[in-house]
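Everything on this sheet refers to the single structure shown next.
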Amino acid sequence: MSERLETLKKARGRMAEDRDAFAKTLAAPFDRDKAERARLKFIEIQILIDAIDRAIVGEEAEPAV
């Protein structure tokens, strides 16, 4: 596995952990301030994870040099 692909997969794993923390906040008893911030951060991180997933697919599709 290329170093770039390995780095992307590690980054994705860390972002998924961060996303999970915000999901727990959203699942907890409602606190308006915390919920609003958690919702925005969850969406932001999910968009980043989706971008990383696309980068991983692109890396895997590139022929090895």
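FYI, the numbering just counts along the sequence from 1. The structure presented is a predicted model; accordingly, all values stated were derived computationally and were not measured.
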Just verifying a value: how many Å separate [X] [atom1] and [Y] [atom2], rounded to the nearest 0.5 Å?
X	Y	atom1	atom2	answer
Leu48	Ile43	CG	CD1	14.0 Å
Leu8	Arg54	CG	CZ	12.0 Å
Phe42	Asp20	CZ	CG	8.0 Å
Leu5	Glu62	CG	CD	10.0 Å

Inset, instruction - Could you check if a side-chain atom of Thr7 sits within less than 4.5 angstrom of a side-chain atom of Glu3, using non-hydrogen atoms only? - result: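 A side-chain contact exists here, since the closest heavy-atom pair is under 4.5 Å.
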Inset, instruction - With the side chain counted from C-beta on, respond yes when Arg39 and Phe22 share a heavy-atom pair under 4.5 Å apart, and no when they do not. - result: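 Contact flag for Arg39/Phe22 side chains = no.
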Show the nearest heavy-atom pair for residues [X] and [Y], with the distance to one decimal.
X	Y	value
Ala35	Leu26	O-CD2, 3.5 Å
Met15	Ile45	O-CG2, 3.3 Å
Ile56	Lys9	CD1-CG, 3.9 Å

Legend entry - Electrostatic pair Glu44:Lys41 at N-O distance under 4.0 angstrom: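 Result for this pair is yes, salt bridge flagged.
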